[in-house]
There are 4 protein chains.
Amino acid sequence: MQLNFNSPIPIYMQMVDEVKKALARGELAPGDKIPSHKEQAQISKVNPNTVQKAYQEMEREGLTETLRGQGTFIKNDPTMLIQIRSEMAQAAVRQFIDEMQGLGMVPDEMERMLHEGLHPKGKKGGNNRDET
Amino acid sequence: MQLNFNSPIPIYMQMVDEVKKALARGELAPGDKIPSHKEQAQISKVNPNTVQKAYQEMEREGLTETLRGQGTFIKNDPTMLIQIRSEMAQAAVRQFIDEMQGLGMVPDEMERMLHEGLHPKGKKGGNNRDET
Amino acid sequence: MQLNFNSPIPIYMQMVDEVKKALARGELAPGDKIPSHKEQAQISKVNPNTVQKAYQEMEREGLTETLRGQGTFIKNDPTMLIQIRSEMAQAAVRQFIDEMQGLGMVPDEMERMLHEGLHPKGKKGGNNRDET
Amino acid sequence: MQLNFNSPIPIYMQMVDEVKKALARGELAPGDKIPSHKEQAQISKVNPNTVQKAYQEMEREGLTETLRGQGTFIKNDPTMLIQIRSEMAQAAVRQFIDEMQGLGMVPDEMERMLHEGLHPKGKKGGNNRDET
DNA sequence: GTGGTCTAGACCACA
DNA sequence: GTGGTCTAGACCACA
């Protein structure tokens, strides 16, 4: 759970995002129990109110469900996972393209820069499908 | 000057960013006068103080210089332009990669998704260097 | 916190200076919490925004650090103290010399006048190392 | 005429000060004609209004007198010179002492620091009356 | 309560 | 008109 306390993005939003990413990465699976908001608050060195707000937001978005007295659980909906993953990825792609367009970059430049970013010192001619 | 009033990112920061982008795009050139903070406030429907905060931040970052009573000008440093453009682009690349990695994407997937984002209906095989 | 409301030097700058002096004098120590900007505003009979501007300037100069919701603290860097003290003292010396040179004073005159300023009615011959 | 356009001290005040210093240094003598405010404005790259304000202030302080159609002249009062010189010097001394006291410096330290500032690499023991 | 952002608007020095 | 400072006060995220 990476949090940036100096970011203007509210911590509770960052938390929701981190949970989504953990889901997308497969580190959290449907049905998993997540720590109580008090526990999570201690782990993240964040005020319990803030965690609670994050949990409420996740519930509102249908990511989790709460069973009173038992805890909060990732919703047992396997399709959701795939959906979140592709939603977030596409949002990232869109944002990247917008940002680069805002800088006056054309598609080729974007692809080239991404490629270089992914393969820092690599020869960029060759067949990039074999690297990584 | 695109501003999102609902974003958690402060308006004054968005303004600094927009000026940087305009510079990167070549819409603003070194030595150009930018509107007075009061004028810009009217244009952007924002409080003059907010614009001033943005302008002061730009000054602090060395983007602009100010002649009291005369106005604020893009600093006459042509190298700055190129630097800002590449800085901002590289930041965007890095952020994109981080975000995608956070979602468990591997480099190939990132490149493929970007390619698809750039050429929505396009055949995705072939030699992408000749399209656009 | 001595403020001169008629000085052309902005209040917020005077405040930064006063904090630096308090540090140099040892009245503020690394790690100390300083009053919230609202509290300080009441104490100094100044608008909270003005105090905040001073605090932000101090942060920008690396004098303080801020924990959101917790307060603003003198940075915990003991070397900073000594550095500030000597920086400010040397700046004062330089300014004094410049000023006096601007008046056509030679070094000896400067030293003599300072000595007299420090020991108003004193015999100025003798060994000044034993006075004070 | 040294002017600092970024100083919070108004330019017209800086101008008055510079004239006083020139007087103290003997670069301007009683009875001397000083440039017209328009001329001076061009020389100093300052708005004529600003120079005029400086000249008015000097007149108000009894430094100069204006003969209509002839120009502005340093007042023909030789005692004034000496008075200004010692006034300004004493003000500088007082300010220096205050500043250093504000930093917690004791008189000896002030004298030593001034001495070192005046004789940068010099041996500080010996008889400083013979140096310079 | 604490810091951060923002609006609304006054007044000043300077061009 | 232009930038700079300041007051007054609202609202928000977070502790």
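To find a chain, count down the sequence lines: A is the first, B the second, and so on, and within it residues start at 1. Keep in mind that the numbers below use all heavy atoms, side chains included, and drop hydrogens, waters and symmetry copies.
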Main-chain N/O of Gly104(A) paired with Arg85(B) side-chain donor or acceptor, under 3.5 Å: yes

Polar side chain donor-acceptor pair, Gln40(B) to Ser44(B), under 3.5 angstrom: yes

Given DNA chain F, 5'-ward residue of the pair Lys45(A) and Gln56(B), judged by closest heavy atom: Gln56(B)

Sugar-phosphate only, base, or nothing, as touched by Lys38(B) at under 4.0 Å among non-hydrogen atoms: base

Positional range of nucleotides in DNA chain F within the contact set of chain B, heavy-atom, under 4.0 Å: dG1(F) to dC6(F)

DNA chain F: 5'-proximal contact among Asn49(B) and Asn47(A) (nearest heavy atom): Asn49(B)

Residue among Glu61(B), Glu27(B), Glu87(B) satisfying salt bridge (Lys or Arg N to Asp or Glu O under 4.0 Å) with Lys20(B): Glu61(B)

Watson-Crick or G-U pairs under 3.5 Å in DNA chain E, rendered as dot-bracket with [ ] for crossing pairs and | for another strand: ||||||||||||||.

Sugar-phosphate, base or nothing in reach of Tyr55(C), heavy atoms under 4.0 Å: nothing

Donor on one side chain, acceptor on other, Thr64(D) and Thr72(D), under 3.5 Å: no

Check: Thr79(C)/Gln83(C) side-chain N/O donor and acceptor closer than 3.5 Å: no

Gln14(B) side-chain N/O to Ile9(B) backbone N/O, donor-acceptor pair under 3.5 Å: yes

Over all atoms of both residues, closest heavy-atom pair of Gly62(A) and Met80(A): O-SD, 3.5 Å

DNA chain E: 5'-proximal contact among Ile11(B) and Arg68(C) (nearest heavy atom): Arg68(C)

Partners passing ring pair (Phe, Tyr, Trp, His ring centres under 6.0 Å) against Phe96(A) (at least two apart in sequence or in another chain): Phe96(B)

